[in-house]
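Beneath this line is the structure, given in structure tokens, with notes to follow.
Residue numbering restarts at 1 for every chain, and letters A, B, ... go by the order of the sequence lines.
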Amino acid sequence: MAEVMNVQRKKIHPHKFTLWVAIGSIIMMFAGLTSAFIVKRSQPNWAMLEIPRVFWVSTLVILASSVTIQLAVKYFRERNMDRYRSMLTTTAVLGFIFLVLQVIGFMQYRSMDIRLVGAGSNASFSFVLAIAGLHGLHVIGGVIALAIIAIRSNSTRRRNYSPVPVEVAATYWHFVDILWIYLILFFNWMK
Amino acid sequence: MSIETTQHGQQGVVTAPAHDHHEAHHAHHHEESFISKYVFSQDHKMIAKQFLITGMIWAIIGGLFSVLFRLQLGYPEMTFPFLEDIFGKWAAGGRITNEFYYALVTMHGTILVFFVLTAGLSGTFANLLIPLQIGARDMASPFLNMLSYWFFFLASVIMFASLFIQTGPAAGGWTIYPPLSALGQASEGSKLGMDFWLVSMAMFIVSSLLGGLNYISTILNMRTKGMSMTRVPLTVWAIFFTAVLGVLSFPVLLSGAILLLFDRNLGTSFYLSDIVVKGEILPNEGGSAILFQHLFWFLGHPEVYIILLPAMGMVSEVMSVNARKPIFGYLAMVGSMFAICLLAFLVWAHHMFVTGLNPFLGAFFVLLTLLIAVPSAIKVFNWLTTLWRGNLRFTPPMLFAIGFVSLFISGGLTGIFLGNSTLDLHLHDTYFVVAHFHIVMGVASFFGMFAGVYHWFPKMYGRFMNNTMAYIHFWVTFIGAYLIFWPMHYSGLAGMPRRYTDYSNWESFKQFAEMNRFISTVAMVVFAVQLLFVFNFFYSIWKGRKVTSQNPWGSNTLEWTTPVNPGHGNWPGEIPEVHRWAYDYGKDGREYISQVEPIGEGESKH
């Protein structure tokens with residue numbers, strides 16, 4: 001039994017394993033932030049939370065990008081490199097669109113006459129900026145990683161047959177997607 | 001990477017030219033430039049040395065700060081003109097100003113807790129020992145490992161730069177509680193110095209996370225054949241739990257620090273509400289300063305075990321080797337470390353008994369806190385029974401290991417006092433707390449670190465450290481530590497508060513003036529002896545007695561099966577296979593049996 005488990009464990013690539021531990025670490029960060037939000041909510045002077053509509057659009061965009069990255073992994077495994085590259089690029093572009101939509105969302109607060117920072121800001125909205133902003137930073141990290149992989153896959157000098165980098169990137173991408181869905185549902189529930 | 005194992009366990013295809021040559025796990029030597037060997041090295045042994053030496057430089061700075069403020073505490077009526085020569089307005093008239101005193105205390109705490117006993121301790125020994133003791137060529141990702149050191153270096157540079165800011169470094173205690181730390185107008189130390197502190201700590205957290213991810217992944221995935229988790233030395237187990245604690249708790253501190261940066265620079269009110277500074281009413285409303293304390297101590301408490309666990313692991317290993325006996329209760333040691341690791345996350349509010357915490361809730365935290373006594377007692381019992389009827393060799397590392405147990409007992413017992421909320425109401429923020437955590441976490445962990453440095457120095461540099469200097473270092477430090485911190489229990493019980501520059505106007509604490517002078521004098525002597533250690537360290541790198549045998553301590557673990565000066569890749573040939581656990585000492589009439597020796601006829605497996 002122990003032998004079998006030993007063999008099974010060896011199957012996971014160290015880089016993938018490292019990613020999983022990192023995901024655990026990122027989860028702790030957002031668990032800290034959202035539980036801070038809950039603690040803060042029970043205290044006086046708490047404004048009712050409002051979410052700009054555009055956040056729901058960005059949710060759809062990031063969901064779509066999860067599909068495209070999964071297709072990219074599939075095409076890589078099939079060695080269909082042209083489609084793989086186009087899916088990779090699509091994912092990165094969708095990630096970028098997501099980020100732009102997030103920024104638009106933060107700007108919409110101004111038209112709703114709500115201040116996120118500075119004098120007169122309420123912590124309930126500052127939290128949205130801090131939490132969604134940190135999530136955005138994680139998406140930026142993912143976009144950069146995808147861009148690096150895309151550039152490498154275009155290199156003629158170097159051929160890579162290992163699916164590990166793109167699989168690691170895909171897992172991370174799905175994670176930031178699920179993380180955003182958690183956050184938007186959390187904000188929605190906290191309304 | 002030249003050869004990559006795919007997830008299906010087959011050998012992947014060789015990729016083009018030696019890009020990413022850092023992961024080329026081959027024993028063949030290729031000439032390395034000075035930069036790639038000593039500066040941007042990806043060899044775990046070199047990174048360990050970088051962490052150690054950076055940590056030592058920080059320890060000297062942090063220790064020097066404590067000497068400076070002890071000077072003020074011990075001799076409040078005297079002036080030291082040389083201080084004014086060095087520090088100018090911070091020591092106007094040769095006396096340390098209140099602002100400067102608080103900055104010194106803050107930096108002393110920050111430097112020693114994070115830069116020395118976290119990065120300097122786990123950074124050094126995790127890097128050095130994990131691959132060597134589990135039988136791996138290097139870490140799972142040598143590149144991340146290198147980044148981990150350079151993020152630490154960046155954090156160090158920022159923190160060091162903050163010492164030279166006109167308004168001084170961060171002041172407000174190493175816990176940087178808001179609102180003091182959130183408002184620049186509140187004190188000099190809350191101005192630019194605090195921003196530097198926060199940015200430096202963010203870099204530090206990134207460094208710890210990169211390191212921790214790598215340690216966990218390496219320990220779980222890269223062990224050599226036969227090295228099951230029940231065969232790894234306790235050092236590796238301890239580092240594993242340390243890394244888990246760090247990876248799960250540091251991100252929460254990062255969240256807290258980011259919100260504090262928001263409050264400081266973007267005018268938000270996460271931690272601020274209803275504040276008047278110098279007659280000015282601030283617009284911030286609805287924030288909660290206690291929220292920061294929750295976020296801070298959710299890291300802050302695991303942090304003390306991040307500091308202590310590696311020391312515990314190294315003490316177990318050093319003690320077993322030098323008692324020539326198997327460690328008593330190996331699995332109990334692992335289990336108790338696991339219990340400590342788990343409880344570490346459930347006790348943070350015992351730092352907050354006086355914040356208006358609901359006493360009913362407090363009772364649960366008291367219970368959970370006192371539960372830590374159980375695994376701690378198991379560990380102490382096992383160390384004592386390991387020593388019991390052992391064939392003790394009183395080498396310097398062994399002395400420090402025994403000293404660790406002594407300090408852990410004395411410091412741990414006062415933890416039982418402080419863990420009780422009823423007693424804590426009286427003892428909170430007194431010198432009793434200072435005495436407690438310095439003994440159990442500060443000095444004890446330093447002892448673990450010293451044990452580690454003396455024990456593994458031959459592996460790091462191929463030479464021994466000087467024994468005479470080491471014995472002087474041990475005895476003066478050991479006796480000195482008790483002389484410094486033991487008396488503080490008395491003044492603490494009498495209610496003498498921490499964080500004051502001068503007690504001479506305080507009728508009830510006048511009786512402690514002489515004691516304070518005594519403590520300060522001993523502190524200076526102990527600091528001087530640490531410089532002797534530093535001298536010994538650097539002297540021995542070049543002039544120490546050379547190690548001639550592969551296994552100078554007669555130890556079972558794998559690091560002693562490598563050449564005296566192992567190259568990058570550690571073993572010139574194949575990585576040895578492991579056949580037994582790490583603690584077969586004094587078995588079947590043999591002094592020690594290395595882990596690589598196959599199980600003999602009629603011998604039971606372990």
Side-chain angles (χ1 to χ4, degrees), chain A residues 2-3 6-7 9-22 24-37 39-40 42-47 115-127 129-131 133-134 152 155 157-165 167, chain B residues 1 4-9 12-17 19 139-141 144 209-210 212-214 216-218 220-222 228 243-244 246-256 258-259 262-263 265-273 282-288 290-292 294-295 298-299:
Chain A
E3 292 293 327
N6 213 27
V7 173
R9 198 187 47 237
K10 289 244 158 80
K11 275 187 178 168
I12 183 162
H13 189 278
H15 291 179
K16 288 188 184 171
F17 185 83
T18 308
L19 178 73
W20 282 108
V21 183
S25 186
I26 299 170
I27 288 175
M28 283 307 287
M29 182 177 189
F30 283 90
L33 286 165
T34 47
S35 56
F37 188 98
V39 171
K40 199 65 203 33
S42 60
Q43 287 175 342
N45 201 342
W46 180 252
R115 305 207 58 178
L116 298 180
V117 295
S121 63
N122 189 293
S124 57
F125 295 105
S126 307
F127 260 121
L129 178 64
I131 295 175
L134 275 173
R152 278 193 182 173
S155 157
R157 203 168 51 81
R158 183 185 144 83
R159 281 159 179 259
N160 204 331
Y161 293 91
S162 165
V164 172
E167 283 174 359
Chain B
M1 181 180 281
E4 191 147 45
T5 312
T6 65
Q7 75 173 129
H8 308 295
V13 184
V14 177
T15 55
H19 190 84
M139 288 285 183
S141 172
L144 281 190
L209 292 177
L210 292 176
L213 293 177
N214 229 337
I216 295 172
S217 169
T218 309
L220 291 182
N221 294 297
M222 313 265 293
S228 62
V244 171
V247 162
L248 295 181
S249 63
F250 267 116
V252 181
L253 177 70
L254 187 59
S255 320
I258 287 168
L259 297 186
F262 264 71
D263 272 5
N265 298 310
L266 296 175
T268 54
S269 318
F270 291 114
Y271 304 130
L272 302 171
S273 189
L282 299 186
N284 306 78
E285 275 197 60
S288 160
I290 302 295
L291 177 63
F292 179 83
H294 280 294
L295 291 173
F298 191 82
L299 159 93

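Comparing A/S25, A/S124, A/A36 by heavy-atom pairs within less than 4.5 Å of chain B, the highest count is held by A/S25. Listed options B/G212, B/S228, B/S249, B/G267 were ranked by heavy-atom pairs under 4.5 angstrom with chain A; first place goes to B/G267.
Nearest heavy-atom pair across A/P14 and B/A140 is CB-CB, 4.0 Å. What you find for B/T268 and A/S126 is that their closest heavy atoms are CG2-OG, 3.4 Å.
Proximity to chain B (any heavy atom under 4.5 Å) is shown, for A/F127, by both the backbone and the side chain. Interface remark: B/I216 contributes backbone and side-chain atoms alike to the contact with chain A (heavy atom separation under 4.5 Å). Proximity to chain A involves both the backbone and the side chain of B/F270, based on heavy atoms less than 4.5 angstrom apart. Both the backbone and the side chain of B/L266 have a heavy atom closer than 4.5 Å to some heavy atom of chain A. Proximity to chain B (any heavy atom under 4.5 Å) is restricted, for A/L116, to the backbone atoms N, CA, C and O.
Here A/F17 contributes atom CZ and B/T218 contributes atom OG1; the two are 10.0 Å apart, rounded to the nearest 0.5 Å. Between B/I258 atom CD1 and A/L134 atom CG the span is 4.5 Å, to the nearest 0.5 Å. For the atom pair CG (B/L220) and CD1 (A/I12), the distance works out to 10.0 Å, reported to the nearest 0.5 Å. Residue B/L248 holds its CG atom at 14.0 Å from CE of A/M29, rounded to the nearest 0.5 Å. The structure places OG of A/S35 at 8.0 Å from CZ of B/F298, a figure rounded to the nearest 0.5 Å. Of the inter-residue distances, the one linking B/S217 atom OG with A/H15 atom NE2 reads 7.5 Å to the nearest 0.5 angstrom.
Side-chain atoms of B/L259 and A/K40, non-hydrogen and from C-beta on, never get closer than 4.5 Å to each other.
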